[in-house]
Amino acid sequence: MLRVDEILNLSREEMISSSKKFVASLCTQYKKNNYIDPSFYQKLDVKRGLRNPDGTGVMAGVTLIGDVQGYIIRDGEKVPKEGDLIYRGISIKDLINGFVSENRFGYEETVYLLLFGELPTASVLEDFKQLLCEWSALPPGFTEDMIIKAPSNNVMNKLARSILALYSYDDEPEPTNLETELFQALRMIARCPIIVAHAYAVKRHYFDNESLYLHRPRQDMSIAENFLYSIRRDNLFTEDEAKLLDLCLVLHAEHGGGNNSAFACRVLSSTGTDMYSALSAAVGSLKGPKHGGANQKVNDMISDIQSNVSNWKDEGEVKDYLVKIVRREAYDRAGLIYGMGHAVYTLSDPRAVILKEFSRKLAEEKGMVDELDLIETIEKLAPGVLMEEKRSDKPICANVDLYSGFVYKMLGIPEELFTPLFAMSRMAGWCAHRIEEFYNSENRIIRPAYKTVSELKPYVPLNDR
Ligand code: COA
């Protein structure tokens, strides 16, 4: 280690390099004292990842908001079934059929349903949409002070920081009563798309050397329309594009209380902390590649398959490549076929089924049918490959991410916005869970246990070490 007078004479680069060397030596020290023998988990009956031995989640609470159904338990056994996603008692398929058959946008209606527990009447829906439009404006100077001044290369990072920053623009930021909570939630849902659009514009400007353009949200547009309007330089989009994006927003709005980001939001809310803290934590959780970040991975994997399989229509060739992926001989060597498998869904993920059904029309318009056919081939072949390679009889289905990235790509939405789009849609579900945790006074602070497996040792005085 260097002496203090030596450190003071170093340049900034030398100082960083010297600090890194010191930290590298601490890594060895860390590894020596931080290995946990995996056998402890079994010996101590630890529910790793809060999962039961059959993969089902440990029951951590009750909710009225959303339900994810992928199996039934019969005589203590998990029996696979076609998946369903239920928002406030209504199946996602029925909800979507409802507004699609009337050729309407559905996300605003879904937000109302998730928060207030029932479908709005036509006049309430009109007032609600108007309110969301009015509240989408950011506080004066917010974009300049909070988004432009400290740009981030990552839109999710900027979103989390912007949510926390909004605390200081609120006259009553601490949780007081239900009215304040609902007011904060609705304003957050309305503002999130414009924060994402501005954070992306600023990222492109400062990190990709592109021109900076910031569009103000329009008062006469749905959230999906406003988002496409905001991110496109020329503001132009078609009705079909906006309706498909709206569908994606509805499909990603909620996924039960046990998914990692909703649970993170509930963990923080259970302490009585403010809405801004709880929602920024949820964004941090969703950013992870095992959660919301998976949609980018799917896109990347499909490009890899396209470059390495010469004939996408040859099922034998596609299958051989999928086998290589699972054997860690191809793509990112992680052994995963991204977009396949789910912790709850077994025979089907209803979101993937719906997105696939709606993708074809736009794929034909955009000349991207070959890519959609390839994705469908992967969906068809991957379960067999996984069963053979893993010697497992567990059913595996396509998950929402197999199709969502493709849909965003068709909409010309850049990959770095895939996860932020997920976040702006899921804001509705997070707010609903946050308020449910806040409003139900029966809820206790969430506090599971960790068994300490280190041994007691005496404190050794500094000079004796
Ligand atoms: N590719 C390769 N192997 C997979 C797989 C996939 N897509 N999905 C599941 N498996 C494997 C698991 O690795 C595990 O194998 P192991 O026992 O050798 O460790 C086994 O199948 C059992 O998995 P299962 O219990 O069904 O799933 P899970 O709850 O542990 O994991 C996911 C669920 C989503 C994390 C997992 O399916 C996955 O990693 N999928 C790919 C990533 C993805 O698409 N994520 C988006 C989810 S919406």
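For the numbers below, each heavy atom of this structure counts, side chains included, while hydrogens, waters and symmetry mates do not. Order of appearance sets the numbers: ligands from 1, and atoms from 1 within every ligand.
- For His255 and His342, the ring centers are positioned less than 6.0 Å apart.
- A salt bridge between Glu437 and Arg266 is present, with a side-chain N of the basic residue lying under 4.0 Å from a carboxylate O of the acidic one.
- If you look at His215 and Tyr213, their ring centroids are closer than 6.0 Å.
- Residues that satisfy the side-chain hydrogen bond (donor to acceptor under 3.5 Å, both in side chains) test with Lys324, not counting sequence neighbours, are absent from this structure.
- Side-chain contact annotation: Asp240 with Thr238, donor-acceptor N/O pair under 3.5 Å absent.
- In this pair, Tyr338 and Tyr331 present their aromatic rings perpendicular. The plane angle is above 60°, beyond the 30 to 60° band.
- Around ligand 1 you find Arg51, Ala294, Gly335, Leu336, Ile337, Tyr338, Gly339, Met340, Gly341, His342, Ala343, Leu386, Lys390, Lys394, Ile396, Asn399, Asp401, each with a heavy-atom distance below 4.0 Å.
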